[in-house]
Amino acid sequence: MKFTQSDVLNCLPTQFFASLVNKVSNVMAQGHDVINLGQGNPDQPTPPHIVAALQQAAANPKYHKYSPFRGYSFLKEAVATFYKREYGVTVDPEKEVAILFGGKAGLVEIPQCLLNPGDVVLVPDPGYPDYWSGVALARAEMAMMPLFAENGFLPDYDGLKEAVVRKAKLMFLNYPNNPTGATATKQFFAETVSFAEKHHICVVHDFAYGAIGFDGKKPISFLQTEGAKEVGIEIYTFSKTYNMAGWRIGFAVGNESVIAAINLLQDHLYVSLFGAIQEAAAVALLESQQCVHELVAMYESRRNTFIHALRDIGWNVIAPAGSFFAWLPVPNGYTSETFADLLLEKAHVAVAPGIGFGEHGEGYVRTGLLTSEERLKEAAERIGRLQLF
């Protein structure tokens, strides 16, 4: 017997990158050595002191029972301490922090918390595809905000249609940006707060790569902007800053009414996270950040090696300002998908086609800085042998 899926599931966007995974697997199955730069999975282990904290906490019988529905207060207090220390932002740990099952869960939950069918969401294009999933589950509608290189891959609010803006209730932003590697400015965030106040739009800033900025420039938090907590929230994940992708833990910070909505939805979905993970997460936030500084230095060194190697083969590329991605223009005569297929088939280098991030991602491919410098140099050399540039 086969049961029919709900209309909501049938409305979900196609997982574009599932096909990329299949293509890479097929080439590897043929015995080829593929340098996979197409995914965003951190390649370094979780720092030992965080692992040790989990191991010790896992033996505590206190954590073998249900956790408090909305998470342990010690973790929310650690989040508040972290935001004050890192960004100078004061946060009420009980009213302005929600514990999440990873940043992705929060990003998908938000539209279901705040929107009704037919409401409009402003979404960056190119952007992280899971924004689309949350919008679909809420039966809402997307209006794309094009990101262009000439504007620093920041949306131009003046260029949005007035009729669309009037209907918009929610907006996603993401800096440092996936996939472009761009970072935001204080002026842009100030413009965002003003725009959101004027049109009564909730801003959701995806700060997944908040720790990863280059050339001595630390990425700024949206919440550092005056009035930001009045118009939105920020979502932070442990996945990138502390290499805890498999641990599935993050948090939302900001507007009290939005945090209350997230907590209410999660009351009906979960009984919070395993307490030992919460304790280890608090250790990550509160103890030495030397592991984070070393991680960022490693990514910057990889970035420099890779970008120099690509320029050496004649590829005119721009170095990312943040994140662990590089956004590279496709040579003339190719689409992002045909170029990605060529690199995989002829050079055995996997990259992510820009079209998978939205219509305005066409003309680019995304590469991750998630392998050794030696492998990144080898990837550039393999591409160079195709004599495309």
Side-chain angles (χ1 to χ4, degrees), residues 40-106 176 206-213 218-219 221 223-224 233-254 259 262-263 266 270-299 323-324 370:
N41 198 357
D43 65 309
Q44 297 298 297
T46 305
H49 71 286
I50 302 174
V51 175
L54 172 68
Q55 291 170 330
Q56 182 174 350
N60 187 344
K62 168 185 174 182
Y63 297 138
H64 301 170
K65 302 177 182 180
Y66 290 126
S67 300
F69 269 79
R70 298 184 176 188
Y72 282 98
S73 291
F74 66 73
L75 178 54
K76 289 181 279 189
E77 289 164 3
V79 169
T81 299
F82 174 81
Y83 257 75
K84 187 67 176 178
R85 184 190 72 224
E86 296 294 324
Y87 306 111
V89 174
T90 300
V91 173
D92 183 323
E94 290 304 323
K95 295 181 179 179
E96 296 179 335
V97 178
I99 305 304
L100 305 172
F101 283 67
K104 173 178 174 174
D206 175 4
F207 205 29
Y209 305 92
I212 308 173
K218 181 178 179 176
S221 162
L223 297 187
Q224 289 175 279
I233 65 167
E234 193 156 73
I235 291 183
Y236 200 99
T237 175
F238 290 77
S239 297
K240 281 74 180 182
T241 306
Y242 302 105
N243 289 317
M244 294 169 66
W247 298 50
R248 307 316 307 140
I249 181 166
F251 54 85
V253 187
I259 297 301
I262 294 171
N263 279 328
Q266 292 193 152
Y270 316 116
V271 188
S272 195
L273 286 148
F274 180 36
I277 290 180
Q278 294 188 53
E279 185 167 316
V283 166
L285 294 174
L286 297 177
E287 292 195 2
S288 170
Q289 303 297 295
Q290 183 60 31
C291 60
V292 180
H293 303 320
E294 292 172 357
L295 182 70
V296 174
M298 182 194 73
Y299 284 139
S323 83
F324 49 47
L370 300 171

Could you tell me whether a side-chain N or O of [X] sits under 3.5 Å from a main-chain N or O of [Y], the two making a donor and an acceptor?
X	Y	value
Lys240	Phe324	no
Arg248	Ala105	no
Gln266	Phe101	no
Glu96	Glu94	no
Thr237	Gly102	no
Lys62	Gly275	no

Contact check, side chains of [X] and [Y], non-hydrogen atoms, under 4.5 Å:
X	Y	answer
Cys291	His49	yes
Ile262	Ile233	yes
Tyr83	Phe251	yes
Val97	Ile259	no
Arg70	Ile99	no
Lys84	Val91	no
Leu285	Phe238	yes

Tell me whether the centres of the aromatic rings in Tyr87 and Phe207 are closer together than 6.0 Å.
yes
Given Tyr236 and Val79, is the side-chain contact (heavy atoms from CB on, under 4.5 Å) satisfied, shown in steps?
CA-CA 10 Å; Tyr236 200 99; Val79 169; over 6 Å; no
What is the distance from atom [atom1] of [X] to atom [atom2] of [Y], rounded to the nearest 0.5 Å?
X	Y	atom1	atom2	result
Ser67	Gln278	OG	CD	5.0 Å
Leu295	Ile212	CG	CD1	6.0 Å
Ile50	Asn243	CD1	CG	8.5 Å
Asn263	Phe69	CG	CZ	12.0 Å
Asp92	Glu77	CG	CD	10.0 Å
Ile249	Leu75	CD1	CG	5.0 Å

Check [X] against [Y] and note the closest heavy-atom contact, atom names and distance.
X	Y	value
Ala211	Val292	CB-CG1, 3.9 Å
Val296	Gly213	CG1-O, 3.4 Å
Ala245	Pro42	CB-CD, 4.1 Å
Ser323	Pro176	N-CB, 3.6 Å
Ala58	His64	O-NE2, 2.7 Å
Met244	Ala284	SD-CB, 4.4 Å

Verify whether one side chain among Tyr242 and Gln44 offers a donor that lies under 3.5 Å from an acceptor in the other.
no
